[in-house]
Amino acid sequence: VQLQASGGGSVQAGGSLRLSCAASGRTFSIYAMGWFRQAPGKEREFVAAINLRVGSAYFSASAKGRFTISRDNAKNTVNLQMNSLIPEDTAVYYCAADTLALTSTPDDYDYWGQGTQVTVSS
């Protein structure tokens, strides 16, 4: 499975960005896809994940209410809509695919895409 993330950029606080992650290869093996982020000097942290089979989603406390995650199974794509962005959201965002479960633990994910930078200025 290969994952290609896109959609990062720079935005002012209060603005919005939409990240996309396109999967290719053995996509039928993917159970869930998630988004993680890593700010300089910090560990990678969970943002959101979605079960590709039934569409159920799971969010971190910081993302809940501001971010939404959606899937387009026909295009093998997962989107992360980020609204009401704050400077603390600044990080490199990574998409990942899990073949077994919907989880927030980075080590559980089997495949990772390259990161995309999100910068939120105050």
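Listed here is the closest heavy atom pair of S16 and Q81: CB-NE2, 3.8 Å. Nearest heavy-atom pair, V1 versus S29, reported as atom, atom and distance to 0.1 Å: CG2-OG, 3.9 Å. The shortest non-hydrogen separation linking S121 to P87 is C-CG, 4.4 Å. W35 and C21 get closest at one heavy-atom pair: CZ2-CB, 3.6 Å. In terms of heavy-atom proximity, S70 sits nearest to R18 at OG-NH2, 4.4 Å. When all heavy atoms of Y109 and G34 are compared, the closest pair comes out as CE2-N, 3.7 Å.
Separation of the F59 and F46 ring centroids does not fall under the 6.0 Å cut-off.
Atom OG1 of T116 sits about 11.0 Å away from atom CG of L80, to the nearest 0.5 Å. Rounded to the nearest 0.5 angstrom, Y93 OH and C95 SG are separated by 13.5 Å. Distance OG1/T99 to CZ/F28: 10.5 Å, rounded to 0.5 Å. In this structure, CG on N79 lies 8.5 Å from CD1 on I69, to the nearest 0.5 angstrom. The structure places OG1 of T77 at 7.5 Å from CE of M33, a figure rounded to the nearest 0.5 Å. Distance check: L100 CG to D110 CG gives 6.0 Å after rounding to the nearest 0.5 Å.
Here the side chains of R44 and V92 are not in contact, with every heavy-atom distance at 4.5 Å or above.
Residue pairs meeting the disulfide (SG to SG under 2.5 Å) criterion with at least one member in residues 22-60, sequence neighbours excluded, do not occur. Residue pairs meeting the salt bridge (charged side-chain N to carboxylate O under 4.0 Å, His left out) criterion with at least one partner in residues 80-100, sequence neighbours excluded, are R37-D89, R66-D89.
Side-chain heavy atoms closer than 4.5 Å link hydrophobic residues (I, L, V, M, F, W, Y) into clusters, and following such links, even through other members, never connects V47 to L102. L19 is connected to V11 through a chain of hydrophobic side-chain contacts under 4.5 Å among Ile, Leu, Val, Met, Phe, Trp and Tyr, so both are in one cluster. Linking ILVMFWY residues whenever their side-chain heavy atoms come closer than 4.5 Å, directly or via other members, leaves I30 and Y58 in distinct clusters.
Within a 6.0 Å sphere centred on CD of Q12, heavy atoms belonging to other residues, nucleotides or ligands number 12 at most.
Cation-pi check for R53 over Y31 is not met; the charged atom does not lie both under 6.0 angstrom from the ring centroid and within 45 degrees of its normal.
Using a 30° and 60° split on the angle between ring planes, W112 and F36 fall in the tilted class, from 30° to 60°.
The backbone N or O of T27 sits nowhere less than 3.5 Å from a side-chain atom of N76 that would complete a donor-acceptor pair. At distances below 3.5 Å, at least one donor-acceptor pair connects side-chain atoms of T103 with backbone N or O atoms of T105.
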message: Run the side chain to side chain contact (heavy atoms under 4.5 Å, CB included) test on L17 and V118 for me, step by step, so that the C-alpha distance in whole Å, both residues' side-chain angles and the decisive distance to 0.1 Å come before the verdict.
response: CA-CA 8 Å; L17 282 173; V118 170; 3.8 Å; yes
